[in-house]
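Working notes, structure below.
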Amino acid sequence: MEKEQIDLDRDRQYCELCGKMENLLKCGRCRSSFYCSKEHQKQHWKAHKLICKEADKAQLPKHKSEQAPLSSEDKAPEKCREKISPERVDSASLPVTTHTEAPVVGDRRGEDGSNNETATPNGQTSSSPQKLAMEYIVPCMNKHGICVVDNFLGTEIGLGILENVKNLHETGKFTDGQLVSQKSDSTKDIRGDKITWIEGREAGCEKIRFLMSRMDDLVRHCNGKLGNYTINGRTKAMVACYPGNGTGYVRHVDNPNGDGRCVTCIYYLNKDWTAKEHGGLLRIFPEGKAQFADIEPRFDRLLLFWSDRRNPHEVQPAFATRYAITVWYFDADERARAKEKYLTGAGEKGVKVELDKPSDPS
C-alpha cells in the first residue's frame, strides 16, 4: 500500500509553468518543484523563489535569491496521460491509471489459481472492477471530478466493440446529432457528430452490450461513494461518430438543468490516435479552476466526469473518423425531481428534459 501511495505522489509531478508531465527536471534547491526546461524555470522563478527559499531555509539561510539549478538526476518518470493546459494554476494533476484484468473463473481467481492482481507493463497492478472502483475511481472522481482509465477491456474486446460500431455506421444507423431548445438549422454549427442510441439487445450489438455491462459493474461498485449521489439507472448507450472533416462540438454542459444525469461515462474506440495529427481532443474546463484538461480519444480508454455545470467541455475539430460510446448515469433524487417537473410542466419554457435521450454528447 505504501508503494502505491508513492506512485500516486509521482503522478502529481508537472512543470510549474506549463503543466507538462514528461521529461521533467527537479529544482536543485527545494527538490520539490519540477520544470520541463531551464527556460520555464527561469520564467517562473519570480513566483517560485519565495517557496523555494522557504523550503531551503534550514540548509541555506544565506543563499542568494538566484535561480536554483535543475537536477537532471531526478527526472520524473514518463506517464501515459493527458496534458494539462498552459493556463494551469496550483492544482493537483489529473492521474491516469491502466486497468488490465487477469483471466478469472468463478471466484475471480486466475486460471492458475492465483488472485487477479498481476503486473502490467508500466508497473501498475491489474485489478478487479471492485478494486479499480474503490481504490482509484472513487477517490479520483471525488477529488478531481474527472477520471481516466486506460486499457479498460483489452485489445481483443475493444476491437470487437469497434467492429459492432463500424457495422452500425456502414448500415446507415447513424443520424445527425440533435439539440434541445435550438433551431434545427443551427445544429451543425454547434455539433457535427452523427449518433445512434443502443439498448444492447439489438442484433449485431453484443459487444456493445458487454461494454455497457462492464460500465454498470464499475459504477455499481462506486455507488454511494461518488459525491452525494445514489445512482439508480442510466440512459441507453449513445454511439457517436465524428466523420473526420473538421467537425466537433462547441463548449457545452451535459446536464445544465438538473435532468438527473450525474456521471458521464465515455468509452473511446480510436486506434493509433494522436491529437497532433487527428485533433478531436475532448477539452474539459473544470468550474472555478484556471485550467483545462485535454483528453485524447484513445482506443480502449474509459473517461468519467461529473455531468453537471462543474465540467463544461468541447470536442475539438476531428480530422479522422472518431468513435465514442457514451452512457449517462442518473442520481435517484434529481431524476425523480426532473420527472415530476417534466410531467407537471413546471419547468421553464425551453429547458424541459427529454427523459429517454439526453441531448448533449461528448
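The residues of the chain are indexed from 1 along the displayed sequence. Computed from heavy atoms alone, side chains included, the values below leave out hydrogens, waters and symmetry copies.
- Using cut-offs of 30° and 60° for the angle between ring planes, the His313 and Phe305 rings count as perpendicular.
- Side chains of Phe330 and Thr235 form a contact here, defined as non-hydrogen atoms less than 4.5 Å apart.
- Legend: residues meeting salt bridge (charged side-chain N to carboxylate O under 4.0 Å, His left out) with Arg220, ordered by chain and number and at least two apart, are Asp217.
- Formation of a donor-acceptor pair under 3.5 Å by the Tyr249 side chain with backbone atoms of Leu282 is not found in this model.
- Interatomic distance, CG of Leu302 versus CG of Asn151, reported as 11.5 Å (0.5 Å rounding).
- The two atoms that bring Met134 and His221 nearest to each other are SD-O, 3.3 Å, heavy atoms only.
- Shortest non-hydrogen contact noted between Cys262 and Asp331 is SG-N, 3.7 Å.
- Arg251 and Pro312 make their closest contact through NE-CB, 3.7 Å (heavy atoms, listed as atom of the first residue, atom of the second, distance).
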Could you give me the CA-CA distance, side-chain angles and deciding distance for Asn257 and Arg309, then say whether side-chain contact (heavy atoms from CB on, under 4.5 Å) is met?
CA-CA 9 Å; Asn257 300 308; Arg309 294 180 183 272; 3.8 Å; yes

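- The residue from Ile198, Ile325, Val327 that alone fulfils the side-chain contact (heavy atoms from CB on, under 4.5 Å) condition with Leu211 is Ile325.
- A distance below 6.0 Å separates the ring centres of Trp306 and Tyr229.
- No donor-acceptor pair under 3.5 Å is formed between the side chain of Asn311 and the backbone N or O of Ile284.
- Note that CD of Glu202 and NZ of Lys236 are 7.5 Å apart. Values are rounded to the nearest 0.5 Å.
- Hydrophobic clustering of Ile, Leu, Val, Met, Phe, Trp and Tyr side chains at less than 4.5 Å, counting indirect connections, keeps Trp273 apart from Ile266.
- Taking each heavy atom of Ala133 and Cys222 in turn, the nearest pair found is CB-SG, 3.5 Å.
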*Does the pair Lys271 and Thr155 meet the rule for a side-chain contact (heavy atoms from CB on, under 4.5 Å), with working shown?*
CA-CA 10 Å; Lys271 292 284 290 181; Thr155 301; 4.3 Å; yes

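- If you check the side chains of Tyr267 and Asp300, you find a donor sitting under 3.5 Å from an acceptor.
- No side-chain heavy atom of Tyr268 sits under 4.5 Å from any side-chain heavy atom of Arg298.
- Considering CH2 of Trp328 and OG1 of Thr264, their distance stands at 6.5 Å, rounded to 0.5 Å.
- Taking the side chain as every heavy atom from C-beta outward, Asn270 and His278 never approach each other to under 4.5 Å.
- No path of Ile, Leu, Val, Met, Phe, Trp and Tyr side chains, each step under 4.5 Å between heavy atoms, connects Tyr242 with Phe319, placing them in separate hydrophobic clusters.
- A side-chain donor-acceptor contact under 3.5 Å links Glu334 and Asn255.
- Judged by distance alone, with hydrogens and angles left aside, the side-chain atoms of Asn142 form a donor-acceptor pair with the main-chain N or O of Gly227 at under 3.5 Å.
- Note that CG of Asp193 and OG1 of Thr175 are 9.5 Å apart. Values are rounded to the nearest 0.5 Å.
- To the nearest 0.5 Å, atom CG of residue Leu218 and atom CZ of residue Phe152 are 5.0 Å apart.
- Under the 4.5 Å side-chain contact rule for hydrophobic residues, Val263 and Met212 share a cluster.
- In plain terms, the two heavy atoms of Leu153 and Phe210 that are nearest each other are CD2-CE2, 4.2 Å.
- Counting all heavy atoms, side chain and backbone alike, Ser307 lies closest to Arg261 at CB-O, 3.6 Å.
- Because its NZ or CZ atom is both nearer than 6.0 Å to the ring centre of Phe292 and within 45° of the ring axis, Arg283 counts as a cation-pi partner of that residue.
- With a 4.5 Å cut-off on side-chain heavy atoms, Thr321 and Cys241 count as touching.
- By the side-chain hydrogen bond (donor to acceptor under 3.5 Å, both in side chains) test, Thr196 pairs with no residue at all, sequence neighbours left out.
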Exercise. Taking it one step at a time, do His169 and Phe174 satisfy side-chain contact (heavy atoms from CB on, under 4.5 Å)?
Worked result: CA-CA 6 Å; His169 193 193; Phe174 285 72; 3.6 Å; yes

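- Only one option out of Thr326, Val149, Asp150, Ile295 pairs with Leu303 in a side-chain contact (heavy atoms from CB on, under 4.5 Å); it is Ile295.
- Asp333 has its side chain out of reach of Thr230: every pair of non-hydrogen atoms, C-beta onward, lies at least 4.5 Å apart.
- In this structure, Pro286 and Ile146 have side chains that are in contact, with non-hydrogen atoms separated by less than 4.5 Å.
- The line from NZ of Lys166 to CG of Leu269 is 9.5 Å long, rounded to the nearest 0.5 Å.
- Counting only distance, with no hydrogens or angles, the side chain of Asn167 and the backbone of Glu163 share a donor-acceptor pair below 3.5 Å.
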